[in-house]
Every structure is written in C-alpha cells, then in structure tokens.
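Below, read A as the first sequence line, B as the second, and so on, with proteins coming before strands; counting in each chain starts at 1. Note: hydrogens, waters and symmetry copies are ignored here, and every other heavy atom, side chains too, is used.
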There are 2 protein chains.
Amino acid sequence: MSNDFADRLVAARSPRRETKSLIYRHALRLFARHGYAGTSLREIAEAVGLEVPSLYTHIRSKRELLYDLMEFGNRDLLDRLARSVAAVPDDRPLDRLYLLVRENVISHCRHSDQTTVVFTEIRELSDDQRAKIVALRREIENLFRSALEAAVAEGVARPVNIAVTVFGALAIGRGAATWYRENGPLSPEEIGDLYGEQVVRGVLAPGSDWSSPGA
Amino acid sequence: MSNDFADRLVAARSPRRETKSLIYRHALRLFARHGYAGTSLREIAEAVGLEVPSLYTHIRSKRELLYDLMEFGNRDLLDRLARSVAAVPDDRPLDRLYLLVRENVISHCRHSDQTTVVFTEIRELSDDQRAKIVALRREIENLFRSALEAAVAEGVARPVNIAVTVFGALAIGRGAATWYRENGPLSPEEIGDLYGEQVVRGVLAPGSDWSSPGA
DNA sequence: CCTACCGATCGGTAGG
DNA sequence: CCTACCGATCGGTAGG
C-alpha cells in the first residue's frame, strides 16, 4: 500500500522548488503589468497552473510575496551596479559615474518588470518592510553619490548638488524601462552609452576633458 | 408646503459644482497615494463626506473619474510648458530646452499628485481613453523635441538621439516628483535650474558656449 | 443626496 | 496540492 492516501497527500504537500520560482516569475510579470492591488492571487495561481490555496505552500501572504520580489530586485540591481565599477580605479570617478549610469539603464531595460515593481509598489509594504527596501535603495544611491563626490572633489566635475544629480541619473534609467522595447532600434547598451555620456557631460567642469571609457 | 418631500428631493439631487471639485481633489490625492486599484469609491466618498451612490451624481464611473484626472493633468502640464517658452525666440533653442526642463521639474514638484497619477495609471484606461492620453503626451514630447532638434540643426548641440534625450529629460522631472518635499532644502525653481543646466550641458556641442537665461 | 441592496470578487483558512 | 468555504469588500443600481 505505498500509494495510499497519506503518501499521496505527503507528495502533494511537498513544495517543489520549480513551482516557487514559477510563482515568483508570474507574480513579477502580473504585478508589473497590472500593479499589486490590481493583481489577484487567483490570477497568479491560474498563470502558474494551481489553485489559490496551493500558493500558500510557497508564500506566506500576498504582501510577503511582493516584498520578496522587491528585495530581490533591489539586491540584483545593487550587485550589477557594484560589479560594473569593480575594476575601475578610484581616481577615475567620471568613468565610474559613466559606467554606473550605463549599467543602471541597461539593467532597467533588460529587467523592466523588476524595476517597475520595485519603484511603483513601495507604498504597499509595511513600515518594517519599507525600511529594509529603503536601506537597499540608499546603498544604490551611495554608489552614484561617492563617484560624483570624488569627481567634484578632484575638480573634474562642477560643484553640483550631489543628491539632486544622483536622483536625476537614477530617474533616467527608471524612465528607460517604461519606453524601451526589445525590438526597438536601440539596444540597452546603446541607450546606456548615450545617457552615460549625457550625465557625465552635464556635470563636467568647464575646463575638463573626458571621453567615455568604452570609446 | 414649500418644504415638502419632492422639494427636498430635488434640492438633494442638484449637483453642486463645489462637490464635484471636492471629489476630483480627493480622488487625485487618494489615487496618487494608494493607486487607482488600491483606492475604493468608499474611501473617496468618505473623504468628501458623502455616501458612495451620491458620487454618481457627479461621475459616470470610477474609470471615467480617473480619465478626467489624467486628461486634466496632461493638458495642465502641456499648457505650463508651452507658456514657459512662449516668449523665447526660435533662434535660442538651448534656452527653450533649458526652460522646458525647468518648467517640467517645477510642475512635477508642485503638482506631484497630478503627475504621479498621470504616469502610473495609464494601464487602467480603456484603449480609447489611453489613445487620447498618449496623444497629449506626444504634444508634450514634441515641445522638447523641436527645441532639441533646432539646437542640433544650428550646431549648438551635439547630434544626440532626439527621442532618447527627450525621454531622459522628461524622466528627470517625473523622478523629482517622487522625492521633492515642500519643507526640503531646495525650492522647485532651484531644482529646475539645476536640472535645466545639466540637461543643456549634457547635449552642448564641444565648442559651444551657453549660460542659463536666468543668470 | 440618501438607504437598501446586488452579484462578483477579494485574500485567506480548514481540513484532508 | 486539492475542495469547500469564510467574512469582508468591491463597483454599481433601484428607488425615493
């Protein structure tokens, strides 16, 4: 009697890793398209091929599901940005800034669902959850901030307002996620190059010379 | 018997202009804060001091309410932008670009609820409604586009990608709406000046000279 | 502008 | 992983 009811129940209750990943993938897509409040657990369950109660084997609640997606999305972006300037020496702050802007644009284009959710749905989180996400955002901002501060300190950038400039640079990438299309005329790398150059030239000190590191 | 039931009914059914304006005002605030899908008509009614069915004296549906807000928001922004460059001659395209970026930033800071709703909730509209809003957006983009094209044609701006640059300039203003605070250290005008200068310098042709028209 | 009410749908639980 | 089901809430209507 190895196939009796209890066995089948245990098997059905054993969460599969692939299922969890499917849930996250579809939830991200649906949240990006219709918003958190505009997406029901029924829609997520249907996309995955499950009934709603089965989702609860893998998630604790709809809100925790959103939080997990937002945390992953921000960590992922932070990692990409940190890696993009890991090899650039500290004494080339404008190159660092250029590459950060570029990578930010590329990441937002390539993972636009991720960044749509990350930036739109922060209001849906609890205070505790939001505080953790904001802390991750601060780390991302600090990468830009330190590059720009160094550039100003070295005199290769004008003495611009650091925070305002960093927010602007980040907003450009977020904006790109809203209009970038995979079959459009420009690749994420090309768009990243264009914006990277514009941001750096926008802060360049009058006498300074600079050309993009890739060129 | 001038105060009988029929009279009171007629009086109660006569929509007041102030009430409609109150509904729009509170709906805008609540949609900006909690999103369209995350805001119930009950919440709007309560904020105004009515019961839900009374809203229907003033609106046709929740979605039409959203559409009206989005159309007004975009027309309002378009008007402000057009007015900001109305007095600037065509042969000063960089000044026009500067003032458009500046006014866009100022408008987004001063009416952040308006622009939050305008940019976040377009997915909630019907196809017909969305087409009309997109047409308004095109008009706004075209103001930036023609200034930038003229600057490139005159050789005072580098031959940048027009669409990409315009989207970036617009995104900066939208971003400002998310972090600007009334009691912060910078006024909308100051932020507008900073971004206006950065965008123009970002596209400035290497040999060209330019300083902001206000300075 | 209100009371009374509708069917539909929501996130989530009990229990196997 | 499912069926059966919960109370709460949704946008909207009837009717005065």
Side-chain angles (χ1 to χ4, degrees), chain A residues 1 3-24 26-27 30-31 33-69 121 123-126 129, chain B residues 1 3-24 26-27 30-31 33-69 121 123-126 129:
Chain A
M1 286 283 262
N3 198 23
D4 69 357
F5 174 77
D7 283 356
R8 280 185 290 118
L9 187 58
V10 167
R13 267 187 173 167
S14 309
R16 294 181 198 162
R17 256 169 272 127
E18 321 141 29
T19 304
K20 182 159 188 171
S21 131
L22 271 178
I23 293 170
Y24 277 68
H26 284 286
L30 291 165
F31 287 166
R33 199 161 303 180
H34 309 294
Y36 173 78
T39 302
S40 68
L41 289 177
R42 268 127 185 114
E43 290 170 307
I44 297 171
E46 193 188 17
V48 178
L50 296 176
E51 298 300 321
V52 173
S54 306
L55 295 176
Y56 283 83
T57 308
H58 305 276
I59 68 173
R60 277 159 299 179
S61 69
K62 189 189 178 190
R63 193 189 260 178
E64 293 273 0
L65 170 56
L66 174 65
Y67 173 78
D68 286 350
L69 292 173
E121 307 293 355
R123 64 188 169 204
E124 303 284 355
L125 299 178
S126 71
Q129 289 173 328
Chain B
M1 284 285 260
N3 199 22
D4 70 356
F5 175 78
D7 282 355
R8 280 185 288 120
L9 187 58
V10 167
R13 266 187 174 165
S14 309
R16 295 181 196 162
R17 257 170 271 128
E18 321 140 29
T19 305
K20 183 161 187 170
S21 130
L22 271 178
I23 292 170
Y24 277 69
H26 284 286
L30 290 165
F31 287 166
R33 199 160 302 179
H34 309 295
Y36 174 79
T39 303
S40 67
L41 289 177
R42 269 128 184 112
E43 290 170 309
I44 296 170
E46 193 189 16
V48 178
L50 295 175
E51 298 299 321
V52 173
S54 306
L55 295 176
Y56 283 84
T57 308
H58 304 276
I59 68 173
R60 277 160 300 180
S61 69
K62 189 188 177 189
R63 193 189 259 178
E64 293 272 0
L65 171 56
L66 174 64
Y67 174 77
D68 287 348
L69 292 173
E121 307 294 353
R123 65 187 168 205
E124 303 285 353
L125 299 178
S126 71
Q129 288 174 328

Notebook entry, point to check: Closer than 4.0 Å, any side-chain N/O of B:S54 to the OP1 or OP2 of C:dC2?
Noted result: yes
Check: So which heavy atom on A:E124 is nearest to which on A:R63, and how close?
Finding: O-NE, 3.1 Å
Notebook entry, point to check: A:E51 has an atom CD; how far is it from atom P of D:dC2, in whole Å?
Noted result: 6 Å
Next item on the list: Please check if atom CD in B:E64 has more than 12 non-hydrogen atoms from other residues, nucleotides or ligands closer than 6.0 Å.
Entry: yes
Dump every N/O contact between nucleotides 10-14 of chain C and the protein below 3.5 Å, one line per pair.
residue: C:dC10; atom: OP1; partner: A:S40; partner atom: OG; Å: 3.1
residue: C:dG11; atom: OP1; partner: A:T39; partner atom: O; Å: 3.3
residue: C:dG11; atom: OP1; partner: A:K62; partner atom: NZ; Å: 2.8
residue: C:dG11; atom: OP2; partner: A:L41; partner atom: N; Å: 2.9
residue: C:dG11; atom: N7; partner: A:R42; partner atom: NH1; Å: 2.5
residue: C:dG11; atom: O6; partner: A:R42; partner atom: NH2; Å: 3.0
residue: C:dG12; atom: OP2; partner: A:Y56; partner atom: OH; Å: 2.6
residue: C:dG12; atom: OP2; partner: A:K62; partner atom: N; Å: 2.9
residue: C:dG12; atom: O5'; partner: A:Y56; partner atom: OH; Å: 3.0

Next item on the list: Identify the nucleotide, in any strand shown, that forms a Watson-Crick or G-U wobble pair with C:dG16, with both distances under 3.5 Å; if there is none, say none.
Entry: D:dC1
Item checked: Side-chain donor/acceptor of A:T39 to backbone N/O of A:G35, under 3.5 Å -> yes
Next item on the list: Please check if the side chain of B:K20 supplies one atom and the backbone of B:I59 the other of a donor-acceptor pair under 3.5 Å.
Entry: no
Next item on the list: Can you see which heavy atom on B:F31 is nearest to which on B:E121, and at what distance?
Entry: O-OE2, 4.2 Å
